[in-house]
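Step one of this worksheet: look at the structure below.
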Amino acid sequence: MIFLLIYIATSFVIVLLLIDMKKPKNYAPGPSFLPIVGNYLLYRTMHKKVGYHHLVWTYLSKKYGDVVGMKLGRNLVVAASGPQAIKEVLTREDFDGRPDGFFFRLRTFGKRLGIVFSEGQFWKKQRKFSIQHLRSFGFGKKEMEQMIQDETRSLLDIFENTCDKPIYMHSAFDVSVLNGLWAMMAGERFEIEDERLKKLLQIVNDAFRLVDMSGGLINQMPYLRHIAPNACGYNKIMDVLTRMWQFLEETINDHRKSMCYMQQPRDLIDAFLQKMEYTNDTSFTDDQLMSLCLDLFMAGSETTSNSLGFSMLLMVLHPDVQGKVQDELDREVGRNRLPSLSDKPILKYTEAVLMEIQRRTNIAPLGIAHRAVRDTVLGGYNVPEGTIVLTNLHSIHMDEKLWEDPLEFRPERFLDEKNEIIFDESCFMPFGIGKRRCLGETLGKTNIFLFFTAVLHNFTLDKVDDDNLSLEGFDGVTIAPRPFKVKLTPRC
Ligand code: HEM
């Protein structure tokens, strides 16, 4: 009897394991699934070998085609590469969802909140509310430019006072960049040398290194947090989140104490608190306010300051390009004032340099993960509802069929013979496209333009040593420049 029971149980387990290895019908090509872990072990081995998540998917797309299907832990994951497949994902409503799961809910109290990883009507409403109110506090307007210009002046002062010795540039813009966003969200700014904030931004940066766009190990096998909380990154993520929640809670509580409900809101947090007070809309809650602030803080600071860090690195590596930008600034803006957004249309070479920086450095190489909201088809393959869908933006920015010598840093590729900016949107999309397109694109671009031009207008950047001048940044949700120092020489 006992043997019969063991036999039945074993057969049952074997059948379950075999079912687990089965791919959905007409699923995108990719490696065979193993039971329980799917392709996780293979993925990890490949990641170890090539060093970057996006390079794993690029390698697989060369082997299997523009649409690759895997299973990471319990999650089906499809990655789109190349302009056509990526455009389809970013512009079709079927893919407008965001992944759900343990990791994606961890930062939002076990619920689907915020903007970045919410979806449906809730996401639409919260995105609209945020854009509308950020606009009313200056987003995309002259006030925003003014605010950022003030920040550039403060940073230039610091550079001026410390430029007798080499300065770390990979993180030099962290606080200044956050200040522009924080002014509209919370109506306050931080001193550039504010140690507490610098520390907070550093741990946010560290947290971005721990996971990847598919949610990482902790999402694929959440039970690991009980078995190996350190090894799977759970403890570190919780540490970052706890500090962020504490920081945001203090800010929100200060607003509660100081705001007058009858007056015009001073910033986005005030506007949200008033909305909670005066409407019955149940999507405006305390938890959602925290989650929204967390999303904007995380999405807004890291991406822009990494881009600026890389922009400085590229100028040190390409002194000829740096010189040409400075010549254009001197010619078109003159030496008596800082560049402003109104100069942008005539600063064609500078604009081409900034676009080439974004193409070459690929700060968000896999964008932000999408999710199929219903059973659908991509590139002729079935994509079951719930599948995580990645967009390998790196694959189009670095495709040698679309860009000649893609590894070369060559700003001229964005200029035509009449010196006008030229590019094809389906081959260049650092902010994504479609309804999920980056919410902070205007702010990100304005920050990058104003800080980059202000620094180059006032200083010449030179190498200190060659050791860390590598474009191969740290991997993670975004790519971050490795620490490097430059010598700044004031221009007269
Ligand atoms: C250089 C700077 C930036 C880059 C390269 C960048 C890139 C991106 C990309 C690729 C996406 C994903 C689009 C998709 O899902 O298909 C995204 C989404 C997003 N970004 Fe940015 N971003 C930048 C700056 C900012 C800033 C400054 C903010 C803050 C206001 C911000 C807020 C967001 C938000 C909230 C989303 C999610 C939008 C949604 O799901 O509806 N980003 N960004």
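One-based numbering, in listed order, for ligands and for the atoms of each. Computed from a predicted model, the values in this text were never measured in an experiment.
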Next on the checklist: Can you tell me if E441 contacts ligand 1 (heavy atom of the residue under 4.0 Å from the ligand)?
Outcome noted: no
Checklist entry - Under 3.5 Å between some N or O of ligand 1 and some N or O of T304? => result no
Checklist outcome for this item: A student checking ligand 1 against L90 at a 4.0 Å heavy-atom cut-off should list atoms 16 (O)
Checklist entry - Are R105 and D100 within salt-bridge range, i.e. N to O under 4.0 Å? => result yes
Next on the checklist: For D295, state whether at least one heavy atom is located under 4.0 Å from any atom of ligand 1.
Outcome noted: no
Item to check | Atom indices of ligand 1, in the order listed, that fall short of 4.0 Å to a heavy atom of G300 | outcome: 26 (C), 27 (C), 28 (C), 29 (C)
Item to check | Electrostatic pair E145-K344, nearest N-O below 4.0 angstrom | outcome: no
Checklist entry - How many angstroms lie between atom NZ of K198 and atom CG of L178, to the nearest 0.5 angstrom? => result 13.5 Å
Next on the checklist: Using a 4.0 Å cutoff against the non-hydrogen atoms of S307, which atoms of ligand 1 qualify?
Outcome noted: 1 (C)
Checklist entry - So Y52 and H54, would you call those rings parallel, tilted or perpendicular, with 30° and 60° as cut-offs? => result tilted
Item to check | Close-contact set for ligand 1 against H370 heavy atoms, below 4.0 Å | outcome: 14 (C), 15 (O), 16 (O)
Checklist entry - F129 versus F272: any side-chain heavy-atom pair under 4.5 Å? => result yes
Item to check | Min N/O separation R98 to ligand 1 under 3.5 Å | outcome: yes
Checklist entry - To the nearest 0.1 Å, how far is atom 36 (C) of ligand 1 from its closest protein heavy atom, and which atom is that? => result L439 N, 4.1 Å
Next on the checklist: Once you restrict to heavy atoms under 4.0 Å, what part of I368 touches ligand 1? Side chain, backbone, both or neither.
Outcome noted: both
Next on the checklist: I want to confirm something. Looking only at heavy atoms, which of G367, G440, P430, C438 is nearest to atom 43 (N) of ligand 1?
Outcome noted: C438
Checklist entry - Which ligand 1 atoms are under 4.0 Å away from a heavy-atom of W123? => result 39 (C), 40 (O), 41 (O)
Checklist entry - Does R153 come within less than 4.0 Å of D150, counting only side-chain N to carboxylate O? => result yes
Next on the checklist: As an exercise, identify every atom of ligand 1 less than 4.0 angstrom from a heavy atom of R127.
Outcome noted: 38 (C), 39 (C), 41 (O)
Checklist entry - For atom 23 (C) of ligand 1, what is the nearest protein heavy atom, given as residue, atom name and distance? => result T303 OG1, 3.4 Å
Checklist outcome for this item: The protein heavy atom nearest to atom 32 (C) of ligand 1 is A299 CB, 3.5 Å
Checklist entry - How are the rings of F414 and W403 set relative to one another: parallel (under 30°), tilted (30 to 60°) or perpendicular (over 60°)? => result tilted
Item to check | Ion pair check, R360 and E356, cut-off under 4.0 Å | outcome: no
Next on the checklist: Taking the six-membered ring of W123 as reference, does the cationic atom of R436 (NZ for Lys, CZ for Arg) lie under 6.0 Å from its centre and within 45° of its axis?
Outcome noted: yes
Next on the checklist: Tell me the protein heavy atom at minimum distance from atom 6 (C) of ligand 1, and give that distance in Å.
Outcome noted: F431 CD2, 3.7 Å
Checklist entry - Parallel, tilted or perpendicular: which describes the rings of F173 and F159, with under 30° parallel and over 60° perpendicular? => result perpendicular
Checklist outcome for this item: If we number the atoms of ligand 1 from 1 as shown, the ones under 4.0 Å from a heavy atom of I448 are 1 (C)
Checklist entry - Of all heavy-atom pairs between L443 and F139, which one has the smallest distance, and what is that distance? => result CB-CE1, 3.6 Å
Item to check | Protein heavy atom at shortest distance from atom 13 (C) of ligand 1 | outcome: R436 O, 3.3 Å
